[in-house]
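Notes follow once the structure below has been shown.
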Amino acid sequence: MKILAVLYKGGKSAVAEPRLLGTIENRLGIASWLKSLGHEFIVTDDKEGPNSVFQRELPDTDILITTPFHPAYLTGDLIRNKAHKLKLALTSGVGSDHVDLNAANEKKIMVAEVTGSNVTSVAEHVIMCMLNLVRNFVPAHEQIEKDQWDVAAIARNAFDLEGKVIGTLGAGRIGQRVLKRLVPFDPKELVYYDYNPLPEAVANELGARHIPDLHQFLGECDVVTVNAPLHEGTRGLINTELLKHFKKGAFIVNTARGAICDRVSIAKALEEGQINGYAGDVWDVQPAPKDHIWRHMKNPLGGGNGMTPHYSGTTLDAQKRYADGTRDILERFFKGEDQIPANLIVADGRYATRSYGERK
Ligand code: NAP
């Protein structure tokens, strides 16, 4: 079979650190295994436009491996008109929104991902981002690098997490792990918005209250973290209209997907002080263009921006887990064995998960 992987470039870092498995250099650690089985394995980071290696190799590719960190966008047009032989689109990580899932269903292409592989890594990142914003860390550190020392300029917009209402929009694997990690901070309350209430035992353990109305949920939170997938029901969800329902001066941490938040609306709300901070690692286009407004947006006091490149789910620990999971999905596919149900996004022309299903 012909297997095409679109991964990110590791350069010198990948040569120096072989555990950077998600790079074009280290090839998810599966290159020699695939070769030993007689498969052709092509790896590239060149993914944009019709002349990219991705699009040139796609027509006779049987299995496409992509990652959310450097997403090769498998659009409906590519699926219908170029991916003639594609049988499996495998996301090495979590989140398959870069694949047109309706088109995959039409063509009966299986879409699978390594569910759960990096959820702890992301939950830790969310906690870091919350502390970073609420404690006004970035401008404080910038003072040090600029040889300055002005405690008041930082402390005037620095708070504690203790005593705040903190909420997650989406209380699945990541959302629940975030809530669990927040308990020792003694928040005023932990709340969540999700289609379904958590099982009673889980909600009790976390001490988290379900708020089924989105506007009410947003109006109660000092800090909102977004942990829902990107699908038709969440694309552009957090826009100027919805931002009016947030508490004035709230903080937003979004490590789910950039396109859940409207680019311009977020920058405007931050610059006008409607929100006090925005942090995360996901962007509506990746890699983010140099002039992306989220790179330099600030609140009126010159802080409130905690953006990084997309790396929360690609720590070295996470890479080992998603590389192992990728190999497991491939092994099962080659042998014609059932996949682990939680890893299936679409199969046999149907959604296999609620998360991206038709009801959204
Ligand atoms: P999960 O276990 O499927 O949890 C997602 C939860 O969100 C589910 O409970 C889902 O409900 C709920 N949900 C869906 N749409 C919603 C909406 N409109 N409003 C409220 N809740 C909604 O997924 P996960 O493993 O926690 O991952 C969540 C997302 O994080 C992924 O889809 C991915 O986009 C992102 N992620 C990012 C990174 C990173 O490196 N930054 C890494 C991993 C994942 P239902 O089950 O009923 O649909």
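Not measured: the values here are computed from a predicted model. Just the heavy atoms: all of them, side chains too, but no hydrogens, waters or symmetry mates, feed the values below. Just follow the structure's listing: the first ligand is 1, and inside any ligand the first atom is 1.
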(message) So for ligand 1, is Asp97 a polar contact partner (N or O within less than 3.5 Å, distance only)?
(response) no

(message) Less than 4.0 angstrom from a charged side-chain N to a carboxylate O is my criterion; do Lys85 and Asp60 meet it?
(response) no

(request) Have a look at His310, Glu113, Arg257, Arg173 and point out the one with the heavy atom closest to atom 36 (N) of ligand 1. (result) Arg257

(message) Suppose I only count heavy atoms of Phe69 and a 4.0 Å limit; which atoms of ligand 1 are within that range?
(response) 40 (O)

(request) Could you tell me if any non-hydrogen atom of Arg177 lies under 4.0 Å from any atom of ligand 1? (result) no

(request) Measure the acute angle between the ring planes of Tyr193 and Phe217, then classify it against the limits of 30° and 60° as parallel, tilted or perpendicular. (result) tilted

(message) Counting the benzene-type ring for Trp, do His98 and Tyr73 have ring centres under 6.0 Å apart?
(response) no

(request) Would you check whether Thr255 has a nitrogen or oxygen atom less than 3.5 angstrom from a nitrogen or oxygen atom of ligand 1? (result) yes

(message) Suppose I only count heavy atoms of Pro229 and a 4.0 Å limit; which atoms of ligand 1 are within that range?
(response) 5 (C), 7 (O), 14 (C), 32 (O)

(request) Record the part of Ile174 in heavy-atom contact with ligand 1 below 4.0 Å; permitted values are side chain, backbone, both and neither. (result) both

(request) Under 4.0 Å from a heavy atom of Val122: give me the atoms of ligand 1 that qualify, with their elements. (result) 38 (C), 39 (C), 40 (O), 42 (C), 43 (C)

With a 3.5 Å cut-off and sequence neighbours excluded, list the donor-acceptor pairs that the side chains of residues 158-174 form with protein atoms.
from	atom 1	to	atom 2	distance (Å)
Asp160	OD1	Arg135	NH1	3.2
Lys164	NZ	Asp160	O	2.8
Lys164	NZ	Glu162	O	3.4
Thr168	OG1	Gly170	O	2.6
Thr168	OG1	Asn227	ND2	2.9

(request) Could you tell me whether Glu232 and Arg235 make a salt bridge, using a distance below 4.0 angstrom between a side-chain N and a carboxylate O? (result) no

(request) With heavy atoms of Val119 as the reference, note each atom of ligand 1 found under 4.0 Å away. (result) 25 (O)

(message) So if I count the atoms of ligand 1 from 1 in the order they appear, which ones are less than 4.0 Å from some heavy atom of Leu169?
(response) 19 (N), 20 (C)

(request) Run through the side-chain heavy atoms of Ile, Leu, Val, Met, Phe, Trp and Tyr, join any pair under 4.5 Å, and report what else lands in Met128's cluster. (result) Tyr311

(message) Hydrophobic clustering (ILVMFWY, side-chain heavy atoms < 4.5 Å, transitive) - are Ile65 and Phe334 grouped together?
(response) yes

(message) If the threshold is 4.0 Å, N to carboxylate O, is there a salt bridge linking Asp62 and Lys2?
(response) no

(message) Under a 4.0 angstrom heavy-atom cut-off, which atoms of ligand 1 come close to Asn118?
(response) 42 (C), 43 (C)

(request) Taking only heavy atoms of Asn196 into account, list the atoms of ligand 1 that are under 4.0 Å away from them. (result) 47 (O)

(request) Check each atom of ligand 1 against the heavy atoms of Gly170 and keep those under 4.0 Å away; list them by number with element. (result) 7 (O), 21 (N)

(message) Looking only at side-chain N and O atoms, does Asn157 offer a donor or acceptor that is under 3.5 Å from a partner on Asn136?
(response) no

(request) Indicate yes or no: does Glu106 engage Arg80 in a salt bridge with an N to O separation below 4.0 Å. (result) yes

(message) Would Tyr356 count as a contact residue for ligand 1, given that I'm defining contact as a non-hydrogen atom of the residue lying under 4.0 Å from a ligand atom?
(response) yes

(request) Out of Asp194, Val94, Asn227, indicate the one that has the non-hydrogen atom closest to atom 28 (C) of ligand 1. (result) Asn227

(request) May I ask you to check if ligand 1 and Val282 share an N or O to N or O distance below 3.5 Å? (result) no

(message) For the 3.5 Å polar cut-off, considering only N or O atoms, please tell me whether Tyr195 and ligand 1 meet it.
(response) yes

(message) Is there a polar contact, in the sense of an N or O pair closer than 3.5 Å, between Gly95 and ligand 1?
(response) no

(message) Keeping Trp294 on the side-chain end and Arg263 on the backbone end, is there a donor-acceptor pair under 3.5 Å?
(response) yes

